[in-house]
Structure formats: structure tokens, C-alpha cells
Number of protein chains: 2
Amino acid sequence: MSRPTIAGVARAAGVSVASVSRVLNGLPATEEMIERVQRAVDALGYVPDSRARSLKVGRTFQLTLAVADVGNPVYVTMMRAVEEVVSAAGYRLVVTTTGPDVVDEVALVRGMARGYADGLLISPIRVDEDLVKSIRECEVPVVVAGNVPAKAGVDTVRANSPKGMLLAVDHLVAKGRRRIAFLNGPADTVPGAARSKGFTEALKAHELQPAAVAEATDFTFAAGRAAAPDLLAAGGVFDALICANDLLAVGLMHELAAAGLEVPRDVAVVGMDDSELAEQSFPPLTSVNLGSAERGRRAAELLLARIEDNERAPRRIVVQPSLSIRRSTP
Amino acid sequence: MSRPTIAGVARAAGVSVASVSRVLNGLPATEEMIERVQRAVDALGYVPDSRARSLKVGRTFQLTLAVADVGNPVYVTMMRAVEEVVSAAGYRLVVTTTGPDVVDEVALVRGMARGYADGLLISPIRVDEDLVKSIRECEVPVVVAGNVPAKAGVDTVRANSPKGMLLAVDHLVAKGRRRIAFLNGPADTVPGAARSKGFTEALKAHELQPAAVAEATDFTFAAGRAAAPDLLAAGGVFDALICANDLLAVGLMHELAAAGLEVPRDVAVVGMDDSELAEQSFPPLTSVNLGSAERGRRAAELLLARIEDNERAPRRIVVQPSLSIRRSTP
DNA sequence: TTGTACGCGTTATCAA
DNA sequence: TTGATAACGCGTACAA
């Protein structure tokens with residue numbers, strides 16, 4: 001006994017398939033018709049086939065979320081927010097990992113043409129001409145969480161890294177720290193470039209010179225630890241440290257402790273992303289909240305809105321940062 | 001101009017749709033035919049529609065992963081492993097959050113009948129008769145990551161909590177700790193019940209009595225902190241503490257520090273799951289590795305295998321634990 | 001308000 | 001080897 005189809009229900013109810021379809025989709029029908037159909041549906045345990053439905057209506061009620069690494073806390077936060085919005089709207093979420101390579105991102109965007117999802121929410125870690133082109137030409141609506149040129153012609157939600165950097169520097173300066181160092185992630189990434197620019201600007205605003213700058217090989221805990229020697233070689237020249245994300249900050253804090261430096265007494269540390277790890281680390285980490293959850297939420301809403309109406313002009317939303325002050329700064 | 005269909009390609013190439021389909025699916029054809037079809041495909045930028053394909057072949061090449069909370073580190077680890085296996089096999093991953101309620105899990109399992117995915121990988125947080133029934137009757141293959149009665153008749157991959165508990169207690173006893181306390185999560189959950197049973201057995205094996213036992217309201221950092229007063233009220237009666245997961249352990253460690261207790265000197269702390277947080281916490285947390293990544297990987301493999309051959313007898317895999325010793329224990 | 005019949009884009013069967 | 005055509009299960013003109 002295979003799964004019943006709409007034809008089976010119609011036969012069992014003694015009505016036409018059209019009537020069954022109408023009742024199931026809430027279109028006008030007589031009480032008696034609704035009753036008969038419902039009875040047959042229940043009796044047979046009929047469930048509409050979403051494959052056939054997708055082909056017919058040209059929509060899958062699925063959205064794709066593409067991030068570089070589903071394990072990164074900031075993506076986890078975004079994903080959770082996205083999942084909430086999307087499922088509340090009756091859509092399923094297809095989660096894809098692109099990896100660090102831009103060609104994989106391009107392949108993914110092109111692959112949307114197969115029509116397995118109604119929209120794409122992508123947070124590209126690196127951006128090039130090919131990617132912009134593929135996004136502009138994508139067969140389904142695209143929303144970018146991150147920075148992409150306006151000529152891509154799509155909705156965008158991004159953080160304000162420079163403003164966030166300024167909040168961090170303001171705070172440190174207010175606490176009397178002047179010799180500020182910076183640990184970035186890879187500068188050839190979208191967030192890396194933004195952080196670097198923001199740090200330079202923020203120091204300039206305070207007429208300060210960087211006390212030390214280092215670049216980790218990745219935005220991870222391990223990379224943060226590995227970058228420690230570079231910074232510590234400049235021993236004692238900095239009394240504050242800003243890290244491009246929380247993982248780097250926590251990794252570095254472990255090495256600071258190992259080197260006998262106390263946080264925040266000897267070195268104040270500020271992370272970015274304000275992920276759950278910031279609250280959980282010891283000491284709890286002061287961190288720039290770049291609004292990952294809000295970005296996820298708004299990006300998802302933008303995507304849903306665009307699916308409803310693809311004619312509206314692209315919007316570029318910037319989510320403002322805030323500073324979560326904890327015990328890693330004085 | 002809408003997307004080209006296989007008919008458009010056939011027309012452009014001057015061949016039949018059947019031939020185009022064959023070439024695209026690698027079925028036997030002459031060199032010249034392959035050449036002509038390929039040329040037309042490239043010229044038109046044709047991409048097969050996966051909706052139509054799904055309807056025809058009865059497969060979507062999608063799998064559903066259902067967990068209670070995509071933000072929980074242990075699920076993140078599992079998800080990453082699952083995503084890797086699944087995408088390598090050419091499948092997409094649909095990620096669904098069930099929430100803490102068992103009725104939502106049942107609805108999800110029933111909903112698989114719509115055929116939007118070829119299989120389900122579920123990690124139920126609570127299990128009841130309804131859920132077991134729905135799993136047994138599910139329209140698509142199901143693999144359970146966790147504990148579910150054999151009568152559900154499905155492949156299962158689970159951790160060995162009791163063995164893991166024993167590893168933790170062995171270690172603590174070897175280090176001279178005898179007054180061992182336990183912080184569990186909700187005992188009416190699958191992992192909570194397993195942890196509780198394991199702790200009791202492990203202490204019995206060493207002929208010890210529990211020094212203190214508390215139950216947090218959830219498996220979270222916040223719940224760990226909130227549970228601290230309960231345990232600390234028993235002040236000084238324990239010199240070691242096992243927590244049902246890493247989040248609880250780290251939350252509690254913050255409160256221990258606030259209470260002036262030093263880890264591991266005053267209290268040795270052991271977590272469970274050996275998530276990335278264990279390595280990142282300060283001091284780094286000794287933790288029972290229950291093999292989340294391996295469970296995810298094997299569950300995904302089991303599901304793929306069952307989709308290929310649904311006749312094989314259900315397998316019940318138990319992944320063995322190990323202990324990752326770090327500085328939170330002497 | 002209800003029923004008939006067609007088409008969505010693809011794969012698979014059967015003849016040629 | 002290739003081509004014509006019948007499904008796959010559903011939604012919806014159009015006609016009654």
C-alpha cells in the first residue's frame with residue numbers, strides 16, 4: 001500500500017480531485033463538501049506531496065542559508081535567528097557550508113537555478129567580481145548578510161564595524177588606556193578588511209598610533225593562540241588589545257595568562273561579535289555587539305519580503321553596534 | 001525570457017527531449033549526440049529543474065536534521081559532521097529546530113510524509129509512545145541520534161553516558177577526590193536520565209555516596225549559574241563536581257570563582273560533551289568526550305545507507321566515550 | 001459551487 | 001542508439 005494521492009481521496013469521497021484540492025487549500029466550498037473531503041483525508045491519512053506541489057506552483061517553500069562554517073558562533077547565532085523567522089513564515093531552511101573558497105560560493109549561487117529553494121541568504125567570507133556577477137544574475141532572490149557592492153543589486157544587511165571599533169576605542173581611552181594593539185583575522189576577507197579599516201580610523205579619531213598589529217590566519221580560537229607570540233614579542237608596549245572576534249580574543253587571553261599577564265590589570269581585552277562565548281569566558285569578555293542575531297532576523301525578513309514582491313528597490317540595511325562591557329576591561 | 005527547459009534544449013539541438021535527458025544523465029549516446037546536446041546546454045545556460053526531477057524520480061536528495069536547539073554546542077558539532085557527510089554524498093541538509101516539546105517532534109516526523117526529504121536524522125530531547133509510533137510509521141527512513149526503544153525499529157546511534165560517567169569518576173578518584181557532587185540537567189530528558197543513571201552506577205562501582213546532587217532547569221550556561229546556590233549551600237562538602245554538560249560546568253565555574261573557590265584546588269570540575277567550549281574555558285575544562293562529531297558522522301552514514309537499501313536490519317551503534325583531561329582537574 | 005482536462009519539467013518505457 | 005509518449009501528483013482554467 002503506497003501513499004494515497006489526491007485522486008484516491010477524491011474516489012473515496014466520491015468527489016472530484018478539484019474539489020479535494022479546493023477544500024485542502026481553503027477555497028470556497030459547501031459545508032457538506034468540506035465534511036466529506038475531510039473524512040476521506042483522515043481515513044486514508046492523506047498528506048499532500050510537496051514535490052508535486054512544488055513543481056506545480058513553482059515554489060518549494062524552502063530558503064537556503066549559506067555560510068562559510070556552521071560551527072562559528074557568530075554564524076550559529078545568525079542561523080538561529082534566521083531559522084526562527086523562516087519557520088514562522090512556513091518555510092524550511094536548507095543550510096549549506098561554502099568553505100573558505102569563493103569559487104564554491106559562486107557555484108552555490110549558480111546552483112540556485114535548479115530551483116530547489118525560493119531564495120538565498122548568503123554571508124560571503126570573500127567577495128570578487130565573479131561572485132557579484134553570479135549574485136546579480138541569480139535565478140532566485142538573494143539577500144547578502146555582509147558587504148557587497150551596490151551594483152550587485154540585491155538587499156543587503158551588514159554590521160557597522162568601524163562604528164563598533166570606535167565604541168571599543170572610546171571605551172578603552174575613557175578608561176585611560178592609550179597603547180592599543182589590534183589582532184585581526186585574515187585581512188583578505190570581508191570582515192577582516194572592515195575591521196582593519198575601522199581600527200585605523202578609530203585610532204586616528206583619537207590621534208593615537210597603533211601599539212601593535214597582528215593578523216591571525218583564521219577567525220578561530222586556535223589562530224588566536226597561535227598569534228600570541230607575534231604580539232607578545234612587542235612585550236609591554238600595549239595596555240589594551242582589540243580582537244577581530246571573540247574566538248581570537250579568548251584564544252589570546254589564554255596565552256596572556258600563560259605569560260603572566262593579568263586581564264584587565266595589565267592588558268584590557270575587547271572582543272567583537274558579543275557571542276555567547278564572551279559571557280562564558282573568564283574573565284567575561286567586553287565585546288562589541290555587531291548585532292548578529294538582528295542581522296540574521298532582518299536579512300530573513302528582507303528575503304521573505306522580496307519573494308513576495310521582487311519589484312521593490314534593493315534595500316541596504318546597516319545594523320548599529322553596541323558595546324557589552326564586562327570584566328575584561330577596567 | 002524565462003528559464004530554458006529540456007524541451008528548449010532539444011529544439012535548439014535538433015534532437016528529442018529523451019536524448020537530452022540521456023546525455024545529461026550519462027546514459028549511452030554517440031559522440032556526436034553528446035556534442036550537440038552539450039553545445040545547446042551551454043548556449044542556453046540550461047540547468048535541470050530539481051522540482052520536476054524530484055517529482056519524477058521520487059527523491060529530493062535532501063535530508064532533514066532535527067534537533068532541539070541549533071545553538072547548543074553539542075548539536076552544532078553534530079550538525080557540522082552531518083553536513084560534511086551529507087553534502088559529500090550529493091545531498092542537501094534541511095535543518096529544523098523542534099523545540100523542547102515532544103508534540104512538535106511528532107508533528108515533524110509525521111510531516112516527513114510530504115516527501116520534501118528522503119530521510120530524517122533526529123535527536124529527540126524527550127521520547128514518548130507517540131514519538132516512537134510516529135518514527136516506526138514514518139514514510140521515509142529515520143535514524144535516531146540518541147536513545148529510543150528497539151521497537152521503534154530504526155537505526156540508532158547513541159553515546160555511552162554511563163561509561164563516560166565512570167571515566168570521570170575513575171579519574172577523580174585516582175586524583176584522591178572522594179566527595180563527588182553532580183549537577184544534572186532536566187532529568188525528564190533523554191540525556192538527563194542517562195546521566196543520572198550513569199552517575200549513580202559509577203559511584204556505586206567505587207562504593208561512594210553522592211556528596212551533593214542538583215538539577216538545573218536546562219542544559220545551558222545560565223542554568224548552570226542559577227543552580228550554583230543549591231550546590232554551594234552544601235558548602236565544602238564536596239571536592240569534586242561532575243556536570244551533565246560543558247555549558248553547565250562553565251556556568252557553575254563562574255559562580256565557584258565568585259564564591260572564592262579555586263578550581264581545581266578546592267573543587268575539581270568535569271564537564272561532558274568535550275565541546276569547543278571545554279578547551280576555551282578558563283581553566284580549560286576536563287570533559288567526557290561522548291563523540292558528538294562521530295555520532296553525527298555515523299548517523300549520517302547510516303541514513304544514507306538505509307536510503308540505498310531499506311531492507312537491512314536496524315543497527316544500534318554505541319559510540320564509546322573518552323576523557324579529555326585538562327586543567328580543571330588535578 | 002463542482003467537475004473535466006490540461007500542464008508544470010523531468011525520467012523511463014517502448015518501438016523503431 | 002534515438003524518438004515519441006506516458007507517467008509522477010498536484011493546481012487551476014474553463015465549462016457546466
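Every chain is numbered from 1 and lettered A, B, ... according to where its sequence line falls, protein lines coming before strand lines. Note: hydrogens, waters and symmetry copies are ignored here, and every other heavy atom, side chains too, is used.
For the pair B:Ser19 and D:dG3, the criterion of a side-chain N or O lying under 4.0 Å from OP1 or OP2 is met. Taking only side-chain nitrogens and oxygens, A:Tyr46 comes nearer than 4.0 Å to OP1 or OP2 of D:dC10. At D:dC8, none of the side-chain N or O atoms of A:Arg51 fall inside 4.0 Å of OP1 or OP2 (strictly under the cut-off).
One finds a salt bridge joining B:Glu137 and B:Lys133 here, because a Lys/Arg side-chain nitrogen approaches an Asp/Glu carboxylate oxygen to under 4.0 Å. Salt bridge status for A:Arg80 with A:Glu84: absent, with no side-chain N to carboxylate O gap under 4.0 Å. Between A:Arg59 and A:Glu308 there is a salt bridge, with a side-chain nitrogen of the basic residue lying less than 4.0 Å from a carboxylate oxygen of the acidic one.
No donor-acceptor contact under 3.5 angstrom links the side chains of B:Arg53 and A:Tyr116, judged on distance only.
Rounded to whole Å, atom P of D:dT1 lies 11 Å from atom CE of B:Met33. Rounding to whole angstrom units, CZ of residue A:Arg59 and P of D:dC10 are separated by 19 Å. When rounded to the nearest whole Å, the span between CG of A:Leu27 and P of D:dC10 equals 16 Å. At whole-Å resolution of the value, CG in A:Leu24 and P in D:dG11 are 7 Å apart. Rounded to whole Å, the distance from CZ on A:Arg3 to C1' on D:dG9 is 9 Å. Rounded to whole angstrom, the span from the CG atom of A:Asn25 across to the P atom of D:dA13 amounts to 12 Å.
By the 6.0 Å contact criterion, CD on A:Glu139 is enclosed, its count of non-hydrogen atoms from other residues, nucleotides or ligands being greater than 12. Residue A:Arg126 places its CZ atom among more than 12 non-hydrogen atoms of other residues, nucleotides or ligands, all under 6.0 Å distant.
Residues B:Leu55 and B:Gly14 both approach DNA chain D. Their nearest nucleotides, taken by heavy-atom distance, put B:Gly14 toward the 5′ side. Positionally, the nearest nucleotide of DNA chain D for B:Ser16 lies more toward the 5' end than for the other of B:Ser16 and A:Ser50.
With hydrogens and angles left out, the side chain of B:Arg22 and the base of D:dG3 share a donor-acceptor pair within 3.5 Å.
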(request) Apply the test side chain to side chain contact (heavy atoms under 4.5 Å, CB included) to residues A:Leu108 and A:Leu120: give CA-CA distance (whole Å), side-chain angles for both, the deciding distance (0.1 Å), then the verdict. (result) CA-CA 10 Å; A:Leu108 175 87; A:Leu120 170 65; 4.1 Å; yes
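Taking 4.0 Å as the cutoff to heavy atoms of chain A, we find the contact window on DNA chain C bounded by C:dT1 to C:dG9.
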